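Following: one structure in structure tokens, then a few remarks.
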Amino acid sequence: METENTKYLGEEKILKLILKFSVPCVLSLLVSALYNIVDQIFVGNSELSVLGNAATGVVFPIFIIAQAFAWWIGDGCAAYLNISQGQKNSQNAHKAIGTGIVFTVVASLILMAVFYPLQRQLLLTFGATIDGFNAKGELIPGSIDYAVKYFNIILGFFPVFMAMNMMNAVVRADGAPGWSMASMLAGAVINIILDPLFIYAFHWGMAGAAWATVIGQTVSFIISVLYFVLKTKTFKLKLKSFIPDFKEFIRPAKLGLSSFITQMTIVVISLVCNIMLKKYGALSVYGENIPISIIAVESKVFTVVVNIVVGIVLGCQPIIGYNMGAKKFDRVKKLYAYILLSTVAVGLVSTILFEAAPSAVVGIFGQPDPAQVNPANYWKFGVKVFRIFLMLVTFTCAIKMTSIFFQAAGKPVFAIIASLIRDIVLFIPLICVLPIFYGIEGILWAAPIADFVAMAVAAVLTIIFMKSLKKVDDEKETNIELQADGGME
């Protein structure tokens with residue numbers, strides 16, 4: 001149904017719309033990133049130190065698995081809702097969204113059933129280490145016990161975490177980015193307050209960090225539910241909305257598939273990367289724990305940068321989808337140009353920071369405990385990771401932005417190609433091959449090489465997409481001219 005709330009998406013000035021929708025979305029996703037970063041900072045600055053950081057790092061990819069399912073459904077329903085609005089045909093959106101909520105909850109329960117009995121093996125696979133001894137017979141403590149304590153609590157709240165993420169995407173698409181931001185912000189504030197209380201005052205260690213996180217997530221979930229019950233603008237959920245309608249759900253599932261693939265590639269990358277870091281770290285002066293801990297820090301910092309870019313383009317998703325559905329392609333092109341410029345600006349600022357002050361960035365997450373690792377090697381590897389691994393972070397951001405833009409524009413195949421080419425086709429083979437010749441530093445060089453090649457592919461896809469829009473515009477103008485000529489006759 002066409003409403004004044006959606007109609008202005010095709011008429012208001014582009015920059016004004018971007019600011020209205022993207023700023024709250026960026027803040028919302030930055031707050032989302034805080035959930036993990038705050039834990040990492042408080043854990044790293046406590047007596048848990050490097051091993052605590054490593055523990056949260058190996059749990060992080062499992063978080064991403066849950067988020068992959070939630071974003072698949074949430075982003076798919078959001079894109080479907082906005083495109084339907086542009087086509088003035090959104091009366092069945094409530095069925096797709098209701099089915100999406102049911103699917104998300106069922107998926108969370110399945111993940112819990114699979115992960116609980118396999119938790120120790122799973123965490124070891126993702127890079128957790130066990131206690132060992134060095135050549136001198138000195139004990140080298142492992143991170144597995146810390147990881148298990150943290151993971152057990154986090155896993156128990158997967159239904160809340162996943163439903164909250166799924167619903168937030170729909171809230172943004174419904175034209176309420178401010179509500180989505182408030183939901184995430186409230187949860188993050190709770191997390192920030194409870195972390196030092198549970199970790200330092202109550203001495204709960206890793207369990208304290210986990211409880212602070214899940215309580216914050218629960219608050220965010222409750223606020224999202226309140227929106228669905230009280231505030232929706234372009235759709236209304238009814239009891240029958242939750243009766244699965246798979247026919248109506250097919251298109252949202254297709255539209256959101258690139259989000260799922262993008263998130264799962266992060267999991268695959270984390271898995272392969274941690275395995276290689278563990279293997280080649282053991283053969284280097286750094287040992288097993290330093291590379292895993294530093295990469296855990298890098299992934300959290302990188303998440304902040306990417307979330308700014310993703311927030312800009314996701315915030316614009318309602319505008320992109322509506323104008324694609326309404327065939328207002330000039331506005332779609334302008335949107336892409338503005339979003340690309342914003343992405344490049346974020347990437348360049350990040351690159352300057354990582355190249356100029358890597359030690360300062362790593363230092364935010366605590367000082368290394370000499371009883372756990374060699375401090376000099378810890379700082380040395382941290383500097384290398386930020387200066388080499390994130391060398392072309394601007395390209396990484398542009399690739400991810402382009403993939404999400406294609407998804408919002410209803411081009412899931414282009415979105416999937418842009419997402420897969422960097423991470424699966426290039427990065428994973430490189431991190432497996434380069435260390436054979438260059439040791440652990442070969443893993444670090446894999447990222448900028450993959451970024452460079454994948455950026456070229458993303459550029460080609462963008463050119464093809466823009467030409468397709470021009471072709472449709474030209475055909476539209478030709479038809480108008482023919483109709484005018486016919487009328488004159």
Side-chain angles (χ1 to χ4, degrees), residues 1 3-6 20-35 38 66-67 69-82 85 90 92-109 154 156-194 211-244 252 256 307 311 314-315 317-318:
M1 64 185 164
T3 68
E4 288 303 316
N5 180 66
T6 58
K20 175 180 173 63
F21 282 82
S22 287
V23 171
C25 189
V26 168
L27 293 175
S28 177
L29 290 183
L30 283 178
V31 169
S32 176
L34 279 176
Y35 276 115
V38 167
Q67 201 170 61
F69 282 94
W71 284 14
W72 173 19
I73 306 308
D75 289 351
C77 287
Y80 172 74
L81 176 62
N82 295 139
Q85 289 165 353
S90 59
N92 289 325
H94 73 96
K95 296 180 181 178
I97 294 168
T99 303
I101 293 172
V102 172
F103 184 95
T104 303
V105 173
V106 170
S108 70
L109 296 175
I154 294 294
F157 284 77
F158 262 23
V160 168
F161 173 69
M162 290 173 63
M164 176 263 292
N165 273 278
M166 181 270 165
M167 289 190 292
N168 256 308
V170 177
V171 172
R172 288 193 298 269
D174 195 41
W179 190 284
S180 174
M181 179 186 69
S183 166
M184 300 304 296
L185 183 60
V189 169
I190 295 294
N191 190 17
I192 291 170
I193 293 171
L194 294 181
W211 277 113
T213 297
V214 298
I215 291 172
Q217 289 171 356
T218 303
V219 171
S220 294
F221 168 75
I222 291 170
I223 294 173
S224 297
V225 169
L226 288 175
Y227 180 86
F228 274 73
V229 173
L230 304 173
K231 301 285 289 185
T232 54
K233 301 174 182 178
T234 61
F235 68 94
K236 295 292 180 184
L237 290 181
K238 309 163 188 174
L239 283 177
K240 66 178 182 180
S241 304
F242 298 98
I243 300 173
N307 276 16
L314 270 185
Q317 180 174 282

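Being a predicted model, the structure only gives us computed values, none of them experimental.
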Check the surroundings of atom CG in Leu230: do more than 12 heavy atoms from other residues, nucleotides or ligands lie under 6.0 Å from it?
yes

Heavy-atom distance under 4.5 Å between the side chains of Val170 and Phe228, does that happen here?
yes

Value rounded to 0.5 Å, distance of CG in Leu314 from CG in Asp75:
5.5 Å

Residues that Trp72 engages under ring pair (Phe, Tyr, Trp, His ring centres under 6.0 Å), provided they are two or more places apart:
Phe103, Phe260

Which pair of heavy atoms, one from Gly187 and one from Ser220, lies closest together, and at what distance?
CA-OG, 3.4 Å

Full working for side chain to side chain contact (heavy atoms under 4.5 Å, CB included) between Phe161 and Thr213
CA-CA 10 Å; Phe161 173 69; Thr213 297; over 6 Å; no

For Ile223, what residues pass the side-chain contact (heavy atoms from CB on, under 4.5 Å) criterion, not counting sequence neighbours?
Trp179, Ser183, Ala186, Val219

Quick one, Trp211 and Leu194 - any side-chain contact, counting heavy atoms below 4.5 Å?
no

State the CD1-CZ distance between Ile97 and Phe235, to the nearest 0.5 angstrom.
4.0 Å

Distance check, rounded to the nearest 0.5 Å: Met167 atom CE versus Arg172 atom CZ?
12.5 Å

Taken in chain and number order and not counting sequence neighbours, the residues that satisfy side-chain contact (heavy atoms from CB on, under 4.5 Å) with Ile243 are Lys240

Side chain to side chain contact (heavy atoms under 4.5 Å, CB included) between Asn191 and Ile215, intermediate numbers included:
CA-CA 7 Å; Asn191 190 17; Ile215 291 172; over 6 Å; no

Show the nearest heavy-atom pair for residues Phe21 and Gly175, with the distance to one decimal.
CE2-CA, 4.0 Å

Closest non-hydrogen contact found for Val102 with Pro244 is CG1-CG, 4.4 Å

Distance-minimising heavy-atom pair for Lys231 and Asp174:
O-OD2, 4.5 Å

Residue set satisfying ring pair (Phe, Tyr, Trp, His ring centres under 6.0 Å) with Phe158, at least two apart, ordered chain then number -> none

Passes side chain to side chain contact (heavy atoms under 4.5 Å, CB included), Leu185 versus Leu27? Steps please.
CA-CA 8 Å; Leu185 183 60; Leu27 293 175; over 6 Å; no

Can you tell me how far apart CE (Met162) and CG (Leu109) are? Round to the nearest 0.5 Å.
9.0 Å

Taking only residues two or more places apart in sequence or in another chain, which ones pass side-chain contact (heavy atoms from CB on, under 4.5 Å) with Ser241?
His94, Leu237, Lys238

When every non-hydrogen atom of Cys77 is compared with those of Gly100, the smallest separation belongs to SG-CA, 4.5 Å

Which residues pass the ring pair (Phe, Tyr, Trp, His ring centres under 6.0 Å) test with Phe221, sequence neighbours left out?
none

Which heavy atom of Asn168 sits nearest to which heavy atom of Ser224, and what is that distance?
ND2-OG, 3.6 Å

